[in-house]
Every structure is written in structure tokens, then in C-alpha cells.
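So that the names make sense, note that chain A is the first sequence line, chain B the second, and so on, each numbered from 1.
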Amino acid sequence: MNVPRTKVMTAEQVAAGLESGMTVGIGGWGSRRKPMALVAAVLRSPVRDLTVVSYGGPDVGMLCAAGKVRRVVAPFVTLDSIPLEPHFRRARQAGEIEFTEYDEGMFMFGLLAAAHRLPFLPTRAGLGSDVLRVNPELRTVRSPYGDGEELVAVPALAMDVALVHLNRADPRGNAQYLGPDPYFDDLYAKAAARCYVSCERLVDTADLLKEGPAQSLLISRSMVTGVVEAPGGAGFTACEPDYGRDEERQRRYVETGRDDEQG
Amino acid sequence: MTSRADVCVLACAEAFRGDGEILAAGIGGAVTVLAARLARLTFEPGLLTHDGVCLLTGDVPALGRPPEVVEGWLPFRDHLWLVLNGRRHVMLGASQIDRHGNTNISCVGDWARPKAQLLGVRGAPGNTRCDPTSYWIPRHTPRVFVPRVDMVSGIGTDRGAYDLRRVVTNLAVLDFATPDGSMRLASVHPGVSVADVVAATGFELTVPAEVPVTREPTAAELDILDRLDPGRAREREVPA
């Protein structure tokens with residue numbers, strides 16, 4: 001099969017590829033490096049009934065506020081500097097959405113399992129807690145070795161689509177983070193059937209190593225379906241070192257449920 | 001002069017005594033972060049401390065200041081690895097806690113339709129199952145110290161907690177040194193009576209015949225605390 005030399009597209013084209021009822025993974029963490037330009041395009045599209053898989057921040061809040069969400073799968077939803085996400089809270093308290101709640105480490109194991117095409121991975125995280133009570137579909141497994149320890153079998157968090165935002169990418173989809181933390185964006189890319197990357201700046205492949213070492217090339221083009229150049233595309237969330245979180249815009253978002261600069 | 005906040009920071013720092021070369025992870029706010037740094041600069045020099053983001057600091061900077069020396073990288077994925085590995089003593093917060101140290105940060109009311117959605121369980125289930133864990137609770141009231149938590153996020157001594165060490169509040173230090181692992185009053189802060197603590201606790205607390213007074217910081221410890229927190233952020237976290 002011929003591989004396209006460029007996968008560059010618009011945020012609208014990414015959103016147009018989504019269908020109602022899909023499971024959508026969203027990268028970043030809390031209010032950090034969220035693909036807000038892509039989320040804004042989803043908000044403007046007609047899709048609904050989404051299952052959103054996320055270390056949740058304003059991405060989850062906005063999609064809930066807009067009535068796009070059927071189910072949230074997350075260990076938390078927070079704006080970091082503002083601990084509680086008001087729009088997710090309102091949707092939960094109004095009973096508008098379903099919620100699958102995981103421990104942070106369990107959630108990572110779900111991403112790892114999906115990325116490795118395993119049905120589950122075992123962990124101790126979650127044992128004894130009410131996570132197993134509120135998610136009765138969770139199963140435990142017994143170690144087949146001498147210890148016989150009982151562990152939680154975290155199911156793979158497989159996704160139809162993943163949306164992530166990184167600092168740089170080339171037109172074929174090789175994507176680079178320049179900040180201090182990769183979060184789990186490479187796992188989202190590997191766990192999803194299709195991954196769309198937005199970036200602060202598109203650069204030639206030959207220029208990728210001008211700003212960061214080879215280790216900063218987090219996502220390979222073999223995992224990427226489309227690339228969107230979106231300067232400021234993390235919205236008011238942090239996208240270091242290009243910019244920090246815009247606390248004033250975040251405060252306005254808390255008040256209105258919208259980020260007016262993203263429309 | 002020694003403030004209540006100074007006493008609380010020191011009591012939290014004491015939770016890390018004897019931990020050696022593991023990460024002392026204070027979560028959120030000023031008091032637990034200062035506690036880890038104070039412990040490292042005084043009686044527990046092997047401790048690892050972090051900048052609140054993803055750097056292990058080689059020096060021990062003041063609150064809100066970046067480190068001048070970095071000795072390691074701890075992005076979120078490695079933090080989650082460290083939780084499972086257990087080489088970490090975490091000092092968490094809680095919106096509700098019961099007599100066995102089960103805690104809730106997820107939601108108030110029925111989980112299916114909460115009265116108040118809070119953070120979600122975050123890392124509390126894994127932290128308490130795999131790591132030494134202590135708690136810092138700045139407002140000791142019957143609303144927090146409840147007979148039964150609405151959603152068990154962090155697990156208590158009756159649900160397989162790995163190693164629950166202590167609960168430090170604005171009034172007292174509590175631990176679980178009882179035959180059934182239920183909460184015991186370990187010390188009261190200077191100026192606080194045993195009756196104050198009992199009245200602020202919504203379940204039956206084990207109270208020993210003799211309850212000591214929480215240790216106050218030495219002059220040297222206070223000097224270090226003032227250098228770590230010149231803006232006295234700790235005072236804003238602890239109601240007088």
C-alpha cells in the first residue's frame with residue numbers, strides 16, 4: 001500500500017472522521033497539553049454519545065457541557081490549579097453521564113494492555129477499594145505461579161480514535177514533545193485504531209532534532225493517521241516550553257463552560 | 001514564636017522519620033511539601049524530594065522555587081511505576097476518613113448520583129495498597145472524620161492497606177497502633193485538649209490514659225522552615 005507523504009489535515013477534517021458512539025482517547029494530563037483545538041472541532045461537529053477515555057481535564061468538562069458524552073472513563077477530572085472541574089461535576093451530579101472510575105495506575109495498565117494488544121494486565125492497584133464495587137465488570141485473576149496472589153485484571157482501554165497535542169510534528173506524523181513530561185500520549189497513539197496529532201508547529205523531518213534529542217520523538221508516523229498544525233492548540237492548558245497554562249482564561253472557562261478564544 | 005502551622009509541618013515531617021532513601025511525596029498544598037523538605041534537611045537526609053512536577057531535586061529549594069540542582073527525572077509514568085514498586089511514602093489528603101483509615105476523595109453521597117462530585121479516586125487505591133501512606137487533614141471536624149466514607153478511595157487497615165502510618169490534623173496526631181488497626185490518638189498539639197479532639201471526631205477514638213503533647217520544632221528547625229517558606233504559606237493552610 002502506498003503511504004501518503006503528507007497526512008496534514010484540518011481539525012475540522014479530523015472531527016468529520018468521528019462518528020457518534022465512538023470511544024475517543026484524549027492525551028495530556030489534567031490541565032496539561034490537552035488537544036483543545038481538536039476538542040473544539042469535535043464540539044462544533046454533530047457527533048454525540050462519545051465514550052471519552054482521559055486523565056481528565058477541561059477536555060472532559062467541555063465535552064460534557066456540550067452534551068457530547070455518554071460515558072467518561074477516568075481516574076480523575078481536574079484543572080490542576082483549580083482542583084475540581086465544574087462542568088464534569090455538574091454532569092455527574094445531574095446524572096447526565098455514565099462514569100467508569102479507575103485508579104491512576106490501573107488506568108495506565110489499561111493503556112499499556114491496549115497498546116500491547118493484550119486483553120488485560122494485572123495490578124495490585126484497586127484491590128480492597130470501592131473501585132471494584134462501582135465497576136462490577138472488573139475481574140480479578142490469581143497468579144499462576146507459586147505465590148498465587150490475587151490481582152486486579154485491568155481490561156485493555158482500546159479506543160477507536162486518540163487525540164493528542166505535541167510541540168512539533170512533521171507532515172508524516174512523527175511527533176515530538178519538548179516539555180518535561182511525555183504524559184501517556186505515546187500509549188494513546190498505540191492503543192487506538194487511529195491517532196490524530198495536533199502540534200504547535202509543523203517542521204520538516206530533517207529539522208526534528210534541531211530542538212530536542214532523539215528521545216523526544218515520542219510518536220512514530222506508523223501510529224498516526226492525521227496531523228494538524230494548531231499553534232496555541234492546547235488552548236489554555238499548559239504546553240511547555242511553548243507556553244504555560246493561561247490561568248486567566250482557565251478561570252473564565254470555569255465560569256462559563258466555554259473557552260471563548262477557541263469558539 | 002511557634003505557630004500551629006509550624007507544629008503541623010513538623011508532625012508531618014516526623015511521619016517520614018526512618019524512611020531512608022525513598023521518595024517523600026507531599027501531595028498538594030504547602031504543609032506536606034514543607035514537611036518532606038524539612039525532614040530531608042534535618043533528621044532524614046537520605047530522602048528523595050521532588051519539585052511537584054517531574055524533577056527529583058538535588059538541592060532543597062524554598063516553596064515555589066525551582067531547584068538549582070536536579071538529580072533525577074520522574075514523569076507521571078515513572079511516578080505510577082514508583083507507586084507499584086513501593087519505594088515511596090506519600091502524604092495524601094482526604095475529604096472523609098473513617099476509624100480504620102479508609103478515605104474518600106471521589107464523591108460525597110451515592111456514587112451513582114453523587115451530591116458532590118469531587119476529584120475521582122486519583123491514585124489513592126494504588127498508593128494505599130502498595131506504599132507507606134500518611135494523611136494530612138487541615139480541618140479536623142466530624143464532617144471529615146466520619147463513621148463510614150461514601151466511596152473508599154484510599155484503603156484502610158481493615159481492607160489491606162500496605163502500611164498506614166499516621167494522620168496529622170490541625171489538632172492532633174493519630175495512628176493505628178491498636179489491636180484491630182483502628183485509629184488512636186497519639187498526641188495533641190500544644191493548646192489542644194483531648195476533649196477537643198474527641199468532640200471533632202465522628203467515631204469512637206482510642207484514647208490512651210496518657211496522651212503526650214506533639215513535639216514543637218527546635219530553633220534550628222524553625223530557621224530551616226522560615227527559609228523554606230519565607231512567605232508563610234503554611235499559615236494560610238492551617239486555621240488558627
Please look at [X] and chain A and tell me whether the side chain, the backbone, both or neither of the residue comes under 4.5 angstrom of a heavy atom of that chain.
X: B/V121; answer: both
X: B/D51; answer: neither
X: B/L118; answer: both
X: B/R122; answer: both
X: B/A116; answer: both

Taking the side chain as C-beta and beyond, is there a heavy-atom pair between [X] and [Y] under 4.5 Å?
X: A/D181; Y: B/V53; answer: no
X: A/E85; Y: B/Q117; answer: no
X: A/D186; Y: B/R77; answer: yes
X: A/E101; Y: B/W111; answer: yes
X: B/P125; Y: A/M106; answer: no

Tell me, with the steps shown, if B/R159 and A/D130 meet side chain to side chain contact (heavy atoms under 4.5 Å, CB included).
CA-CA 10 Å; B/R159 284 174 172 251; A/D130 273 345; 3.7 Å; yes
Considering all heavy atoms, the nearest B/A112-A/R92 contact
O-NH1, 3.9 Å
